[in-house]
Peer 1: 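If you scroll down you'll find the structure; I have some questions about it.
Bear in mind the structure is a predicted one, so any value in this text is a computation, not a measurement. Below, chains carry the letters A, B, ... as their sequence lines are ordered, and counting in each starts from 1.
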There are 2 protein chains.
Amino acid sequence: MKKPVNPTLEDVARVANASTATISRAINTPDKVAPETRLRILNAIRELGYTPHSGGRALASNRSNTVGAIIPTMANAMFASGLQSFQEELAIAGVTLLVASTGYDGKHEFSQIQSLITHGADGLLLIGAARLPETREFLALRQIPYVVSWCYKPDPKILFAGFDNHKAAYGMTMEVLRQGHRKIAMIAGISEGNDRASNRIKGVKQAIRDFGSPAKLLKVMQTPYSQTKGGDAFANLMHKPTVPTAIICGNDVLAAGAIVRARQLGIAIPRDVSITGFDDIDIATTVYPTLTTVRVPQRRMGRSAARLLLELLTTDNKPASIEFETEIIFRESLAPPPS
Amino acid sequence: MKKPVNPTLEDVARVANASTATISRAINTPDKVAPETRLRILNAIRELGYTPHSGGRALASNRSNTVGAIIPTMANAMFASGLQSFQEELAIAGVTLLVASTGYDGKHEFSQIQSLITHGADGLLLIGAARLPETREFLALRQIPYVVSWCYKPDPKILFAGFDNHKAAYGMTMEVLRQGHRKIAMIAGISEGNDRASNRIKGVKQAIRDFGSPAKLLKVMQTPYSQTKGGDAFANLMHKPTVPTAIICGNDVLAAGAIVRARQLGIAIPRDVSITGFDDIDIATTVYPTLTTVRVPQRRMGRSAARLLLELLTTDNKPASIEFETEIIFRESLAPPPS
DNA sequence: CTGAAAGCGCTTACAG
DNA sequence: CTGAAAGCGCTTACAG
């Protein structure tokens, strides 16, 4: 017998000598099928290498058991372990994860959201609260269930599993001030279309304002998240007439880039200038001196996001947002300024 | 008028006052539709937030314009930029990428392959040549077009866009020997089910054998790809009675872990022991001392893989595999042994 | 426990 | 340039 290359339920039915309805039940609700029938069917499925066609399935059942995650980038570990936990939690519920990335571009985000919905995602994980108006409209119009992670706001209309970037950056800045720094600079991510980046900037500014004179924010440089760019921004800051004694970085990648560049320039960290990061990814301990940074509870956040989304998808509950606390991890790159 | 939450072609047809056939044409072959009709339809689509249902589309057209990539892990940058290039190249052709990860587990790989095929992937990008027998059978039975990357073999039955791991590891080992090292150890990845890891081990062994006495491979430790594990393996090697003068690592993550641990243990790199890596990801220059490593042409590989897969999918050509060369990048972590 | 049949949202010859 | 209609692969009341 010739095996069909793309076997369908009908092919399985023929081989297993049963109706397509029974095959479907054997796959989806096995205990509604007699054990011997089930066995026969399972053998036929294996023999043919049958996999259900998700299109037909989605069409007929009006659900896909699939959710989508749209993250800014896969290029560094910022989202990797959170996404991993998200996926693991979904897998327990038998839900498949589809992943797409945006390159920090709102238009890309919109088209990736549409693409994932088109591919049958029942719900979405989105990063951050900043979103194009057309994207918001689309999400609202289509009443797409989604949870927003990596940030938190007390906004009852949106379901968050995240943390307060403003508060976290504020806290780190206060610590830098407490250690005696007064001339401070920041190397931040690009704030446009990125509320995490902009709230971290606002948090730093607010802390320095609240602390009052003589604390001063010399400069905030915005640059894409790459080590090289972080290094460039660092070199730039250190060439100005007034040099900071501490530089607060928008994330660990920028901070690591600054530290590497400092070494190349013969600038000692933290003796000549202190550096802090944000995220606490692996790179924070790879770099030398090791990085004082803000730890983000990625794994717990990812897991919670999955649970909230599943609850949204499978129950009528209206689950509440979850705010996670961040924590300052003290390592070598931050020390009091030379007196 | 009440807007449907999940608008269908029929809804668009009603609003735009046209048949579903015309709507479909306006979307897929716009120039077969009168300009004014097209405009009316586009407005209706926007108004309703319509996105085509990929299930219905795949069912009716028997293609999905989607390919899947299955990578071992998203947890570090080993595959990130290659995948990025792969995606960019696909995007040019209007093809969507679905990504899944396996955690270096053959069974997971099989189920993720099935899942992506189920979700309509027309073709696949796979990493490495090691694969479970059932996975091979499935790929063959279903005649699934795929390209294998991150490795290369002169096997005409499989389409590769990769490099020769054995040769690359052999080359690095020869360089280490050339610089005068004779007592060598290796910290490798887990070779089971991972041909890249095992071929790198074989390459190192072969080089040392070819070089002949007094060169000796003291020990090969296999460990999962994490900095901590790399550090543990390093500590272990340095506590043995016979200490190596050079440690060749299976990838940069392991090597970085070794270097970080060396610092903690007060062991000087490269004075006390040299370290080499594999991949040349960002971490190779973040770590201090910076890492001498094998550069893998990730971006070109990803782009080629996409082109080969598209060729497979859209033409009747039988494209040929592409072998990329790797290159040793000299940095600080490798130096001649103390004489 | 099993089967016949309707219908999910699309595309595409076919006809005009 | 446009429309009516068949059919893609599934699931699921309904009937037995």
Side-chain angles (χ1 to χ4, degrees), chain A residues 4-42 44-45 48-66 96 114-115 117-122 142, chain B residues 4-42 44-45 48-66 96 114-115 117-122 142:
Chain A
V5 167
N6 287 306
T8 66
L9 258 201
E10 195 137 358
D11 297 315
V12 180
R14 199 160 24 239
V15 171
N17 195 23
S19 72
T20 57
T22 302
I23 314 294
S24 175
R25 284 188 203 101
I27 294 171
N28 300 304
T29 49
D31 34 58
K32 288 190 181 171
V33 171
E36 49 208 274
T37 316
R38 202 190 311 154
L39 209 67
R40 228 167 55 229
I41 293 174
L42 255 34
I45 289 178
L48 293 171
Y50 170 78
T51 49
H53 187 290
S54 77
R57 173 178 266 181
L59 219 45
S61 70
N62 199 28
R63 51 189 163 64
S64 71
N65 265 309
T66 296
T96 303
Q114 291 191 112
S115 168
I117 293 299
T118 278
H119 280 90
D122 295 325
R142 294 288 295 269
Chain B
V5 168
N6 288 304
T8 67
L9 259 201
E10 194 137 356
D11 296 316
V12 180
R14 200 161 22 238
V15 171
N17 196 21
S19 73
T20 57
T22 303
I23 314 292
S24 176
R25 285 189 204 101
I27 293 171
N28 300 303
T29 49
D31 35 57
K32 288 190 180 171
V33 172
E36 49 208 274
T37 316
R38 201 190 313 154
L39 208 67
R40 228 167 54 231
I41 293 174
L42 256 33
I45 289 177
L48 293 171
Y50 171 77
T51 49
H53 186 290
S54 77
R57 171 177 270 180
L59 218 46
S61 70
N62 199 27
R63 51 189 163 64
S64 72
N65 265 306
T66 296
T96 304
Q114 293 192 109
S115 167
I117 294 300
T118 278
H119 280 91
D122 295 326
R142 295 287 295 270

Peer 1: Taking CD1 from B:Ile41 and P from D:dC1, how many angstroms apart are they, rounded to a whole number?
Peer 2: 12 Å
Peer 1: Using atom CD of B:Glu10 as one end and atom P of D:dA5 as the other, report the distance to the nearest whole Å.
Peer 2: 13 Å
Peer 1: Roughly how many Å apart are C:dT12 and C:dG16, using the C1' atom of each and rounding to a whole number?
Peer 2: 16 Å
Peer 1: Could you check whether A:Arg38 gets within reach of a base, just the sugar-phosphate, or nothing at all, counting any heavy atom under 4.0 Å?
Peer 2: nothing
Peer 1: Can you tell me how far P of C:dC10 sits from CZ of B:Arg63, to the nearest Å?
Peer 2: 15 Å
Peer 1: Please pick, from D:dG9, C:dC10, C:dG3, the nucleotide with the shortest atom-to-atom distance to any side-chain atom of A:Ala18.
Peer 2: C:dG3
Peer 1: At what distance, to the nearest 0.5 angstrom, does CD1 of B:Ile27 lie from CG of B:Leu9?
Peer 2: 5.5 Å
Peer 1: In whole angstrom, what separates A:Arg40's CZ from C:dC1's C1'?
Peer 2: 12 Å
Peer 1: Can you see which heavy atom on A:His53 is nearest to which on B:Gly55, and at what distance?
Peer 2: CE1-O, 4.5 Å
Peer 1: Return each pair, listed once, that meets side-chain hydrogen bond (donor to acceptor under 3.5 Å, both in side chains) where at least one residue sits in residues 21-30 of chain A; pairs must be two or more places apart or across chains.
Peer 2: A:Ser19-A:Thr22, A:Ser24-A:Asn28, A:Asn28-A:Arg57
Peer 1: OP1 or OP2 of D:dT11 versus the side-chain N and O atoms of A:Arg57: is any pair under 4.0 Å?
Peer 2: yes
Peer 1: Between B:Thr37 and B:Asn62, name the one whose nearest nucleotide on DNA chain D is closer to the 5' end.
Peer 2: B:Thr37
Peer 1: Can you tell me how far C1' of C:dG9 sits from OH of B:Tyr50, to the nearest Å?
Peer 2: 7 Å
Peer 1: Are the side chain of B:Ser54 and the backbone of A:Thr118 linked by a donor-acceptor contact shorter than 3.5 Å?
Peer 2: yes
Peer 1: Considering just the side-chain nitrogens and oxygens of A:Thr22, establish if one lies under 4.0 Å of OP1 or OP2 belonging to C:dG3.
Peer 2: yes
Peer 1: Hey, are B:His119 and A:Thr96 close enough side-chain-wise for a donor-acceptor pair under 3.5 Å?
Peer 2: no
Peer 1: Locate the shortest heavy-atom distance separating B:Gly56 from A:Leu59; write the atom from each residue and the value.
Peer 2: CA-CD2, 3.8 Å
Peer 1: Please give, in whole Å, the distance from D:dG3 P to B:Leu9 CG?
Peer 2: 13 Å
Peer 1: Look at A:Ser24 and D:dT11 and indicate whether a side-chain polar atom (N or O) is within less than 4.0 Å of OP1 or OP2.
Peer 2: yes
Peer 1: Is a donor on one side and an acceptor on the other found under 3.5 Å between the side chain of A:Arg40 and the backbone of A:Ala16?
Peer 2: yes
Peer 1: Consider the side chain of A:Ala60, meaning its heavy atoms from C-beta on, and name the nucleotide among D:dG9, D:dG3, C:dT2 that approaches it most closely.
Peer 2: D:dG9
Peer 1: Taking the side chain from B:Arg38 and the backbone from B:Pro30, do they hold a donor-acceptor pair closer than 3.5 Å?
Peer 2: yes
Peer 1: Counting the atoms with a prime plus P, OP1 and OP2 as sugar-phosphate, which does B:Asn17 contact under 4.0 Å by heavy atoms, base, sugar-phosphate, or nothing?
Peer 2: nothing
Peer 1: Could you go through nucleotides 13-16 of chain C and list every protein N or O atom that sits under 3.5 Å from one of its N or O atoms, giving the distance for each pair?
Peer 2:
unit_1: C:dA13; atom_1: N6; unit_2: B:Arg25; atom_2: NH2; d: 3.2

Peer 1: What's the CG-P distance between A:Leu59 and C:dG7, to the nearest Å?
Peer 2: 14 Å
Peer 1: Given atom CD of B:Glu36 and atom P of D:dC1, what is their separation to the nearest angstrom?
Peer 2: 10 Å
Peer 1: Does DNA chain C take part in any stems of at least 3 consecutive Watson-Crick or G-U pairs (both distances under 3.5 Å), and if so, which ones?
Peer 2: C:1-3 with D:14-16, C:5-12 with D:5-12, C:14-16 with D:1-3
Peer 1: Identify whether any heavy atom of A:Ser61 sits under 4.0 Å from a base atom; if not, whether one sits that close to sugar-phosphate; answer base, sugar-phosphate or nothing.
Peer 2: sugar-phosphate
Peer 1: Could you pick out which residue, B:Pro35 or A:Asn28, lies toward the 5' side of DNA chain D when each is mapped onto its nearest nucleotide?
Peer 2: B:Pro35
Peer 1: Can you see which heavy atom on A:Tyr50 is nearest to which on A:Thr8, and at what distance?
Peer 2: CE1-C, 3.6 Å
Peer 1: Could you grab the distance from atom CG of B:Asn6 to atom OG1 of B:Thr51, nearest 0.5 Å is fine?
Peer 2: 8.0 Å
